[in-house]
Amino acid sequence: MALLLSVFTYAQNTPKTETPSCSKKMDALWTLLQKNHIAPIQFNTEVAQQTIDLLLAELDYRKIHFYESDRQLLLTQVQNIKPTSSKDLCKLVATIADLYKTRVKESQVIVETLSHSELSFTENEIITFTSGKRDFLESKEKKTNRWSRLIKYLVLNASYYTLDTLQLKSISAPKDFLINKNKTAAIIFAKELKKINALLDPAIDFNATVEDMLLNAICKRYDPHTEYYDYNTFKQFSQHLQSQVLTFGIFFGETDYGNLSIEYIAPGSMAWFANIIQTGDLVTAIKLNQQPQDITSLTYGEANNLLQNEKYTILELTIKKENGSIETIKLKKEAIKFENNTVKSYIIKSDKKIGYISIPSFYSDANNPNALGCANELSKEILKLKNEGIEGLVIDLRYNGGGSLDEAIGMSSLFIDIGPLFYILDNTKKATLTKDMARGTVYDGPLCIMVNGHSASASEIFSAAMQDNHRAIIVGQQTYGKATGQGFAPLDTTVSYSKFSSTDNMGIAKLTQIKLYRTTGISYQGKGVTPDITLPYLEVLSEKENKEPFYIIGDSIAKKAIFAFPPALPVAALSDKNTIRINENKRYNYLTQVSDSLHRTQNDDIVMHLTVAGFWSDMNKFKKESEKEYAAATYNRTGFDVYYNRLESDFLTYDANYKKLYTSYLEELKTDLILQQTYDIMCDFINLKQK
């Protein structure tokens with residue numbers, strides 16, 4: 001899935017240059033979308049107001065600058081101009097830009113004023129992080145209060161993460177917990193002012209910034225995956241897709257409450273191979289060439305710039321996982337090469353020998369047609385496992401956000417001997433059946449696919465095709481629910497996508513061009529793929545396709561053919577056996593109970609107290625929950641072993657860095673209780689097939 005670039009990226013990359021008028025670009029964008037988008041919309045006043053809402057939300061995603069009265073004023077102005085086309089919204093660009101600049105300057109004054117006052121942590125205050133929609137501010141007083149509470153939270157949070165493991169085990173906070181509060185606060189104030197000052201940089205044209213954001217808001221009104229890029233922003237996006245980049249393999253983003261987080265992991269990198277780091281992980285410490293970096297004062301842009309600095313070749317990264325566990329990993333900067341056997345395989349052995357392959361993304365290299373994509377790499381790993389005499393195969397697509405549609409088709413062909421995969425519907429409303437046309441298979445034995453709520457796009461295409469063809473047992477949780485495909489098109493129709501360059505000043509759009517349907521004619525868009533056997537997962541899924549504003553609602557098409565699928569798999573029998581096993585196995589039963597409890601509360605707001613005692617109590621509560629979840633999900637099972645295939649083991653004897661990373665991942669796999677459940681299901685599957 002595409003990376004989303006924040007408001008700061010736009011603001012920092014919109015210099016004062018001669019560009020086409022807003023009206024010209026808007027007209028070109030709207031024409032392009034109406035002609036090529038899978039679900040064109042009719043422009044009216046309501047759409048115009050919704051676009052303004054999207055624009056304000058992107059300009060001020062933390063809701064710390066604008067007032068609700070600003071929003072209402074702009075919505076009224078939309079009505080007053082009586083827009084008849086999208087380019088009429090350009091009339092409001094200067095007004096919004098002036099208002100935005102005024103509100104950011106106001107925030108600057110507020111933060112500077114707060115920075116000169118003593119922060120009090122004795123008042124009975126709270127800060128709330130909500131998974132739902134957050135409103136804009138009602139008054140300057142409440143704006144000041146929100147800034148004050150945010151800064152206090154960041155100070156408490158930063159102080160907490162400076163403590164060692166022994167101190168964190170204490171029931172109450174150390175007496176000197178905030179002994180460095182003034183120094184910490186100064187760093188945090190400096191960081192927030194740095195962000196604000198970047199927005200107010202005289203080199204930045206506010207009108208141009210708002211204009212680009214307005215174009216993107218129009219795209220977002222079509223659907224969440226349609227976006228507008230100027231050349232500089234598109235260039236940044238493209239860097240994530242290159243196959244020959246000297247990199248650590250990660251890119252940082254930032255959470256709503258100011259913490260550095262993992263935004264992207266590049267396929268083929270050491271970070272990707274390790275399979276320890278995941279998008280959304282919080283970054284708690286960074287060392288570059290053994291030099292600690294003060295991340296409290298870094299914006300995510302500055303942190304990314306540090307990673308790209310040529311003098312830094314070794315990165316030691318400490319992250320906090322969603323389950324609360326802390327991991328430290330050391331990475332070496334190197335050139336990513338897709339042909340370096342990016343897919344890796346392992347063997348699980350207890351009663352039976354089962355192959356295991358984790359695929360974090362459906363990668364391909366559009367810039368290098370000779371590079372091997374994940375389908376080709378997967379076939380090589382399957383052959384290695386077959387040579388080891390595996391009795392079944394598990395493919396792990398948990399946390400796989402998707403990627404190339406062609407790779408999903410290629411992967412399907414490894415397991416299906418000619419058969420239907422899915423329908424593609426384009427904006428002509430013509431549905432085309434995509435088939436596997438290749439004779440033969442690479443693997444025809446028992447197959448199990450692991451998914452969760454982060455499995456999206458190409459992961460869902462592949463899983464659904466395997467399920468429809470009765471080729472694999474799907475286990476896990478309901479998937480993300482993205483059944484659409486996107487492509488790039490320049491606004492200047494005289495320029496091809498492959499030749500899009502810095503001389504182009506119109507921009508480029510990533511737009512949704514196709515919808516995907518299962519062989520039944522039913523879409524999983526907004527719903528996801530339902531696993532054959534549901535397994536517990538300890539995670540809070542705040543992001544799902546059907547929670548995105550203006551997502552395309554799933555529908556169905558008329559089924560055009562009757563397919564002669566192989567006999568259905570014994571899903572009911574396997575599910576019954578798994579249920580019995582959960583009831584009889586205390587570890588499985590406890591994991592299910594913890595998972596059910598977490599899912600019941602996953603949409604609850606997170607409330608943090610801003611006194612030392614209250615904050616410490618809140619963090620202890622979260623830590624206990626995290627420890628409980630981690631303990632529930634991990635188990636050292638006697639006789640359950642995970643190891644490399646022979647060829648991989650030989651390779652790792654020559655590369656100590658990779659061996660260290662792989663060893664860490666193997667230790668995680670050995671204690672992964674969900675994987676142990678999947679292994680048991682696979683053993684049942686093999687036994688049933690042998691009867």
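By convention here, the first residue in the shown sequence is residue 1. Predicted, not measured: the structure shown is a model, and the values here were computed from it.
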Under 3.5 Å, side chain of [X] to main-chain N/O of [Y], donor-acceptor pair present?
| X | Y | value |
| --- | --- | --- |
| Ser148 | Thr144 | no |
| Asp281 | Ile262 | no |
| Lys63 | Arg134 | yes |

Distance in Å, [X] [atom1] paired with [Y] [atom2], rounded so as to fall on 0.5 Å steps:
| X | Y | atom1 | atom2 | value |
| --- | --- | --- | --- | --- |
| Asn157 | Thr184 | CG | OG1 | 11.0 Å |
| Asp230 | Glu211 | CG | CD | 10.5 Å |
| Leu288 | Phe248 | CG | CZ | 5.5 Å |
| Glu118 | Lys181 | CD | NZ | 4.0 Å |
| Ile218 | Tyr228 | CD1 | OH | 13.0 Å |
| Met608 | Met619 | CE | CE | 5.5 Å |

Where is the tightest heavy-atom contact between [X] and [Y], given as atom of each residue plus distance?
| X | Y | value |
| --- | --- | --- |
| Gly249 | Ala271 | O-CB, 4.1 Å |
| Glu58 | Asn216 | OE2-ND2, 2.9 Å |
| Thr328 | Glu316 | CG2-CG, 3.8 Å |
| Arg398 | Asp672 | NH2-OD2, 2.9 Å |
| Ala173 | Val612 | CB-CG1, 3.6 Å |
| Glu548 | Pro224 | CB-CG, 3.5 Å |

Check: Phe177 ring centre within less than 6.0 Å of Phe121 ring centre: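 Judged by ring-centre distance (under 6.0 Å), Phe177 and Phe121 do not meet the cut-off.
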Working for side-chain contact (heavy atoms from CB on, under 4.5 Å), residues Leu178 and Leu156: CA-CA 8 Å; Leu178 287 180; Leu156 289 165; 4.2 Å; yes
Residue list, ring pair (Phe, Tyr, Trp, His ring centres under 6.0 Å) with Phe252, at least two apart or on another chain: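 With neighbours one apart ignored, the set is empty.
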Close side-chain approach of Phe362 and Ser459, heavy atoms under 4.5 Å: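 Phe362 reaches Ser459 side chain to side chain.
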Worked verdict on Glu254 versus Lys195 for salt bridge (Lys or Arg N to Asp or Glu O under 4.0 Å): CA-CA 12 Å; Glu254 190 175 81; Lys195 294 178 186 176; 2.7 Å; yes
So [X] and [Y], would you call those rings parallel, tilted or perpendicular, with 30° and 60° as cut-offs?
| X | Y | result |
| --- | --- | --- |
| Tyr264 | Phe251 | tilted |
| Tyr153 | Phe615 | perpendicular |
| Tyr399 | His454 | parallel |

Pair Thr512-His225, side-chain donor/acceptor within less than 3.5 Å: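 Checked: Thr512/His225 side chains show no N/O donor-acceptor pair below 3.5 Å.
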Worked verdict on Arg103 versus Glu106 for salt bridge (Lys or Arg N to Asp or Glu O under 4.0 Å): CA-CA 5 Å; Arg103 294 303 180 223; Glu106 185 179 73; 3.7 Å; yes
Lys623, NZ atom: more than 12 neighbouring heavy atoms under 6.0 Å: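 For Lys623, atom NZ is crowded (more than 12 foreign heavy atoms under 6.0 Å).
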Within 6.0 angstrom of Lys101 NZ, more than 12 heavy atoms from elsewhere: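 Count not over threshold, so no.
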Qualifying residues under salt bridge (charged side-chain N to carboxylate O under 4.0 Å, His left out), relative to Lys183, sequence neighbours excluded: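 None.
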side-chain contact (heavy atoms from CB on, under 4.5 Å) between Asn305 and Asn309, worked out: CA-CA 6 Å; Asn305 288 337; Asn309 191 314; over 6 Å; no
Derivation and outcome, salt bridge (Lys or Arg N to Asp or Glu O under 4.0 Å), residues Lys510 and Glu227: CA-CA 5 Å; Lys510 176 169 72 73; Glu227 298 176 291; 3.3 Å; yes
Step-by-step side-chain contact (heavy atoms from CB on, under 4.5 Å) determination, Ile314 to Lys332: CA-CA 5 Å; Ile314 301 295; Lys332 181 175 67 174; 4.0 Å; yes
Trace of the side-chain contact (heavy atoms from CB on, under 4.5 Å) decision for Leu307 with Ile250: CA-CA 9 Å; Leu307 296 189; Ile250 60 169; 3.9 Å; yes
